[in-house]
Amino acid sequence: MIQDIYPSLFDNHFKNAAPLENDKFLFFSENGELFCNYDSDKKTLFFPLYKDLLDFVKAENSVFIFSIDNQNYFLLTNDFLPFQKFADFAFYDMKALRRLLLCSNKEIFAAFSAFHLWKWYSQNRFCGVCGKPTVHDNVERALVCSCCGQKIYPRINPAVIIGIINGDKLLITKYKTGYAHNALVAGFTEFGETLEQTVEREVMEEVGLKVKNIRYYKSQPWGVALDLLAGFFCEVDGNDKIKMDTNELKYAQWVNRSEIELQPSDYSLTNEMMKIFRDGKIK
């Protein structure tokens, strides 16, 4: 999965730190496209280093976001980059990044984690209580209203991915719009709802089925929707006739283990769940 970067270590502890020459900088356009260099020979992503930006970027216009293997990563907030000086760099949207062939998950995980924080920062420039500008807190990862002192913390949206089992078959879906490859029933947890209740509701809403024996499998952070995915397996309870929500899905079918077609990359929890069922590791 995308967060599987072992033996590298991800450290998201907050630091009120200024960038050093070899620290990596991530810059997103207004549309959420990341400025980076994809080396197709080395199968890796490169981000600008602070030493390459010293003539253009002020340290106070950046914020420390995390480190990987003691390599610090900073988010560039409101400076202008002289893009023409980075001949091998380009802007990539998150869908394009996901399609790249990479020899390690480390930099793609950095990109998606940075996107999560960039989106949160960009959506909370003003206080939701009094409307005044927010500033970065110096003690923890938070934004603080410059007027009333209201604190805002990074938003994390809980969601579920559901592997619905029917004997030797798994319910496979495809979304009507967006991601084009095989998927599982999924959805966000609503107010006042447990994760297990989310599983039951989403299955009923998307494919019209009742389920039983709901059991937790694994979780995954996923920055595009600021979500934390919780993966569950369960069995169909009673009638297995699918009543597909045609507004959200274009495909929903019971598929035999041997016929399950995986996604083209190994980044997602969804793909791992389909794979372990296909390989007989989940009954």
Side-chain angles (χ1 to χ4, degrees), residues 1-12 19-57 62 65-76 79-119 174-175 177-183 220-227 229 260-275 278:
M1 296 190 292
I2 196 169
Q3 77 275 13
D4 293 335
I5 61 174
Y6 181 83
S8 292
L9 297 176
F10 175 70
D11 184 356
N12 65 356
L20 302 176
E21 283 193 349
N22 289 315
D23 289 340
K24 296 185 178 182
F25 266 60
L26 290 97
F27 176 77
F28 291 90
S29 70
E30 291 183 356
N31 296 323
E33 296 175 325
L34 178 62
F35 189 62
C36 59
N37 171 22
Y38 173 58
D39 188 320
S40 58
D41 294 326
K42 296 181 178 179
K43 300 289 190 295
T44 192
L45 289 175
F46 292 95
F47 308 119
L49 300 179
Y50 186 49
K51 64 183 178 183
D52 301 323
L53 306 173
L54 285 171
D55 294 337
F56 322 105
V57 170
S62 65
I65 47 177
F66 48 76
S67 63
I68 299 178
D69 294 337
N70 297 315
Q71 168 73 64
N72 289 336
Y73 292 74
F74 281 76
L75 194 63
L76 184 61
D79 259 314
F80 171 75
L81 276 181
F83 306 122
Q84 67 277 9
K85 293 184 179 294
F86 296 85
D88 296 326
F89 284 67
F91 281 100
Y92 291 82
D93 65 30
M94 305 314 289
K95 289 181 180 179
L97 285 176
R98 187 174 178 178
R99 291 193 294 267
L100 297 179
L101 297 175
L102 296 167
C103 62
S104 168
N105 283 5
K106 182 168 69 173
E107 299 302 345
I108 192 72
F109 179 58
F112 275 83
S113 298
F115 180 83
H116 185 156
L117 290 175
W118 168 81
K119 196 168 185 180
K174 286 186 179 179
Y175 295 112
T177 59
Y179 194 62
H181 302 286
N182 280 345
Q220 177 178 48
W222 196 255
V224 174
L226 317 187
D227 49 348
L229 296 175
I260 292 175
E261 182 180 342
L262 300 179
Q263 297 171 354
S265 71
D266 289 329
Y267 293 143
S268 74
L269 174 60
T270 304
N271 196 64
E272 179 171 307
M273 291 174 66
M274 291 192 297
K275 184 176 182 179
R278 182 200 66 180

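Atom set for the values below is all heavy atoms of this structure, side chains included, hydrogens, waters and symmetry mates excluded. As the structure is a computational prediction, the values presented were derived from the model and not from experiment. By convention here, the first residue in the shown sequence is residue 1.
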- Report yes if some heavy atom in the side chain of Leu53 is under 4.5 Å from a heavy atom in the side chain of Ser62; otherwise report no. no

- Task: Begin with the C-alpha distance, continue with both residues' side-chain angles, and end with the deciding distance and a verdict on side chain to side chain contact (heavy atoms under 4.5 Å, CB included) for Ile108 and Leu100.
- Result: CA-CA 9 Å; Ile108 192 72; Leu100 297 179; 5.8 Å; no

- Query: Which atom pair, heavy atoms only, marks the closest approach of Ala110 to Ile68?
  - Reply: CB-CD1, 4.0 Å

- Using distance alone, with no hydrogens and no angle criterion, decide if Thr270 and Gln263 have a side-chain donor and acceptor under 3.5 Å apart. no

- Query: Is a side-chain donor or acceptor of Glu272 paired with a backbone partner of Asp266 at a separation under 3.5 angstrom?
  - Reply: no

- With side chains defined as the heavy atoms from C-beta onward, is the minimum distance between Leu97 and Leu34 less than 4.5 Å? yes

- Note: Ala111 and Leu26 closest approach over all heavy atoms is CA-CD2, 4.1 Å

- Message: Using the side chain to side chain donor-acceptor pair (under 3.5 Å) criterion, which residues pair with Asp69? Sequence neighbours excluded.
- Response: Ser8

- Message: A side-chain contact here means heavy atoms from C-beta on lying under 4.5 Å apart; do Phe28 and Met94 qualify?
- Response: yes

- Message: Would you say that Asn22 contacts Lys51 through its side chain, given a criterion of any heavy-atom pair below 4.5 Å between the two side chains?
- Response: yes

- Task: Any chance you could measure Trp118, atom CH2, to Ser113, atom OG, to the nearest 0.5 Å?
- Result: 15.0 Å

- Does Phe112 have its ring centroid less than 6.0 Å away from the ring centroid of Tyr267? no

- Message: Does any part of the side chain of Trp222, heavy atoms only, come nearer than 4.5 Å to the side chain of Ile2, both counted from C-beta?
- Response: yes

- Interatomic distance, CG@Leu101 vs OG1@Thr44, rounded to 0.5 Å, equals 12.5 Å

- Message: Given 3.5 Å as the limit, does a donor-acceptor pair link the side chain of Asn182 with the main chain of Glu261, or not?
- Response: yes

- Message: How close do Asp23 and Leu20 get, counting heavy atoms only, and between which atoms?
- Response: OD2-N, 2.7 Å

- Query: What residue pairs, at least two apart or across chains, pass side chain to side chain donor-acceptor pair (under 3.5 Å) with a residue in residues 87-98?
  - Reply: none

- Message: Taking salt bridge (charged side-chain N to carboxylate O under 4.0 Å, His left out) as the definition, give me every residue that meets it alongside Glu33, ordered by chain and number, with sequence neighbours left out.
- Response: none

- Message: Using the side chain to side chain donor-acceptor pair (under 3.5 Å) criterion, which residues pair with Asp11? Sequence neighbours excluded.
- Response: His13

- Atom CG in Leu262, atom CE in Met273: separation rounded to 0.5 Å? 13.0 Å

- Query: When you measure from the side chain of Lys43 to the backbone N and O of Ser40, does any donor-acceptor pair fall under 3.5 Å?
  - Reply: yes

- Task: Could you tell me how the ring of Phe10 sits relative to the ring of Phe109: parallel (under 30°), tilted (30 to 60°) or perpendicular (over 60°)?
- Result: perpendicular

- Rounded to the nearest 0.5 Å, how far apart are CZ of Phe25 and CZ of Phe35? 13.5 Å

- Query: Got a second to check how far Ile65's CD1 is from Leu75's CG, nearest 0.5 Å?
  - Reply: 5.0 Å

- Just wondering, do Tyr38 and Leu102 contact through their side chains at under 4.5 Å, heavy atoms? yes

- Lys106 NZ to Leu9 CG distance, which is reported to the nearest 0.5 Å: 10.5 Å

- Closest heavy-atom contact between Leu269 and Met1? CA-SD, 3.3 Å

- Message: Checking Lys24 now: which residues fulfil side chain to side chain contact (heavy atoms under 4.5 Å, CB included) with it, not counting sequence neighbours?
- Response: Phe47, Leu49, Gln71, Tyr73, Glu107

- Query: How close do Phe56 and Asp52 get, heavy atom to heavy atom, and via which atoms?
  - Reply: CE1-O, 3.6 Å

- Task: Just jot down the side chain to side chain contact (heavy atoms under 4.5 Å, CB included) partners of Glu30, sequence neighbours excluded, or say none.
- Result: none

